[in-house]
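Working notes, beginning with the structure itself.
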Amino acid sequence: MSSAATPRAPRSLQTRLLTTVLTLVLLAWGVAAALAWHETDEEVSDLLDAHLAQTAALLRLQPLDELDEDRLNEAPELDKHQPRVVFQLWHEDQLLARSASAPQEPLTQRRQRGFADSQVNGKAWRVFVTQGRERDVRIVVGELQSVRREIVLAAVLSILKPMAWALPLLALGIWWAVRGSVRPLGRLGTAVGARQPQSLEPLSTEGVPPEVLPLVTALNELFERMARLLATEQQFTADAAHELRTPIAGIRMQAQVAQGATDTQERAAALQATVQGCDRATRLVEQLLQLARLDAEATHDSGSSTPLNEVARQVAADLQATAERRQQRIVLQRHLAPDVRIPLPEPLARVLLRNLLDNALRYSPDGAEVQLQMDAQGDGQAQLIVEDSGPGLTPEEQARLGERFFRVLGTGQSGSGLGWSIIQRIARLHHLQVGTDRSPGLGGLRVTVRWKP
């Protein structure tokens, strides 16, 4: 039986910064060491080659008539470092003179003047060859390659040793700097962790580094939105509880009337009123849930759009029975533009149209007419217009549309006032413009919704 692998906990920001910076420092140190070795090797090789050439030039100035051609002449060793550089003097193929530490074998078979690398008795040599005063004399000056490498290594180490000693101090300084840099994040985490769940006051920005300030600002904006949402929810809960109390009390009263009624007709009327009260309470609860979902929506799909013509016909058909009970008419203008699309998902488009038409029917008298039209404007905008032949609203009443549980008194119609809250909430979320005025043709309220297709 296999168990799921436990996800590894992410490393702290301080650890990641330290690891990254120290790794980069070590890589840079390694590259610097390689470059120092390369540059030093080239410079030392050039310098030592020049010394070989200079030694050969000095030997070329020496007269050869003092040398005994019958025996091998050896130069005495005058210094402990003298064996590092050796020379050979060849007359034709005979070795006339050499350094005491030079081998008797030729250091190189090269005849022309110049530098060469060779192997003699298992040792690597760097040699310089030139002619003597006489053309049949060959001067060979050589130096062990191992000696050259020792010189290069000593020169490089003299550079890198101070850098190597400085690495621990540099690592300590980096640790101190990184630890100090992430300390504000630690303080911020402590401050947020110590807050009570109901505490939504903004965090202090005093002394906050510029790099952390956007995070603190974003948190403060989040706290502000949460505070507004919490206040809205508290007000909504209080208003909803108050609003639901009325239909529930009415249902209870009608049930008590039906319970105590002795007449069949009286009982039937009380039961009918009870059913109507339940219907009103059901609609109120549906609108409350709908509005709560809209209030909780933090983001929306701005890419969705819906053909408005078909949705308008379907919503009008759904409300046709309600309109006929009061001899009302829903008129869809014949010039409905078939290609007008509204930037809403189809469910929200239905909610918007249903609330607009339902409000127009509900607050218009019996026999009223409600017109619906939509078209595209010349300025690149589209619009939806719903107007009725009702009494309309005063400018003061129009200004209060959208307040939760606000109802126009004297209409004789039941309602919760949430329809306009839903309409305006949808409009804010999807950047629709909603305007109201008096209908010039029907005399009632005209609602215009505009948007850019």
Side-chain angles (χ1 to χ4, degrees), residues 2-52 80-81 83-85 115-119 122-128 142-194 203-220 222:
S2 61
S3 58
T6 304
R8 188 173 64 177
R11 292 184 299 171
S12 69
L13 179 60
Q14 177 174 322
T15 302
R16 282 186 288 173
L17 283 174
L18 282 174
T19 303
T20 302
V21 173
L22 290 177
T23 301
L24 291 176
V25 168
L26 289 176
L27 287 175
W29 193 89
V31 171
L35 291 175
W37 179 277
H38 177 73
E39 294 293 332
T40 303
D41 182 61
E42 286 191 350
E43 293 295 331
V44 170
S45 295
D46 291 343
L47 179 62
L48 295 179
D49 283 350
H51 287 170
L52 291 180
K80 63 179 181 179
H81 298 296
R84 294 182 176 182
V85 179
F115 292 95
D117 296 322
S118 63
Q119 290 278 342
K123 295 181 180 180
W125 293 84
R126 176 71 169 174
V127 298
F128 178 76
E143 185 177 28
L144 288 170
Q145 294 280 20
S146 59
V147 173
R148 291 188 165 217
R149 286 193 292 270
E150 290 176 3
I151 296 173
V152 172
L153 181 60
V156 173
L157 288 178
S158 66
I159 299 173
L160 296 183
K161 276 185 178 179
M163 294 175 59
W165 283 107
L167 275 178
L169 297 177
L170 181 61
L172 182 62
I174 292 173
W175 172 82
W176 179 81
V178 170
R179 186 169 180 270
S181 299
V182 300
R183 189 177 291 117
L185 291 176
R187 290 197 298 264
L188 177 61
T190 302
V192 174
L203 296 168
S204 174
T205 58
E206 183 178 356
V208 175
E211 293 79 7
V212 185
L213 187 59
L215 174 60
V216 177
T217 302
L219 286 173
N220 287 339
L222 175 63

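Small disclaimer: the values here were computed from a predicted structure and weren't measured.
- Atoms CG and OG1, from L35 and T40 in turn, are 10.0 Å apart once rounded to the nearest 0.5 Å.
- Taking CH2 of W165 as the reference point, atom CG of L170 lies at 15.5 Å (rounded to 0.5 Å).
- When side chains are defined from C-beta on, W175 does not count as touching L22, because their heavy atoms never get closer than 4.5 Å.
- Once rounded to the nearest 0.5 Å, the distance linking CG of L172 with CG of L167 reads 12.5 Å.
- Minimum interatomic distance between R126 and L52 (heavy atoms only, all atoms of both residues): O-CD1, 3.6 Å.
- By the 4.5 Å heavy-atom criterion applied to side chains, V156 and D41 are not counted as neighbours.
- Atom-to-atom distance recorded for S146:OG and L153:CG is 12.0 Å, nearest 0.5 angstrom.
- The nearest pair of heavy atoms linking S158 to P162 is O-CD, 3.4 Å.
- Pairs of residues two or more places apart, or lying in two chains, that qualify as salt bridge (charged side-chain N to carboxylate O under 4.0 Å, His left out) and include a residue from residues 148-169 are D49-R148, E143-R148.
- Of the possible polar contacts, none joining the T20 side chain to the L17 backbone as a donor-acceptor pair under 3.5 Å is found.
- Taking the side chain as every heavy atom from C-beta outward, F115 and V127 never approach each other to under 4.5 Å.
- You'll find the side chain of H51 stays beyond 4.5 Å of the side chain of V85, heavy atoms only.
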> Would L144 and W125 count as a side-chain contact (heavy atoms from CB on, under 4.5 Å) if you check the C-alpha gap in whole Å, the side-chain angles of each, and the deciding distance to 0.1 Å?
Replying inline: CA-CA 5 Å; L144 288 170; W125 293 84; 3.4 Å; yes
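- Note that OG1 of T19 is 10.5 Å distant from CG of L24, once rounded to the nearest 0.5 Å.
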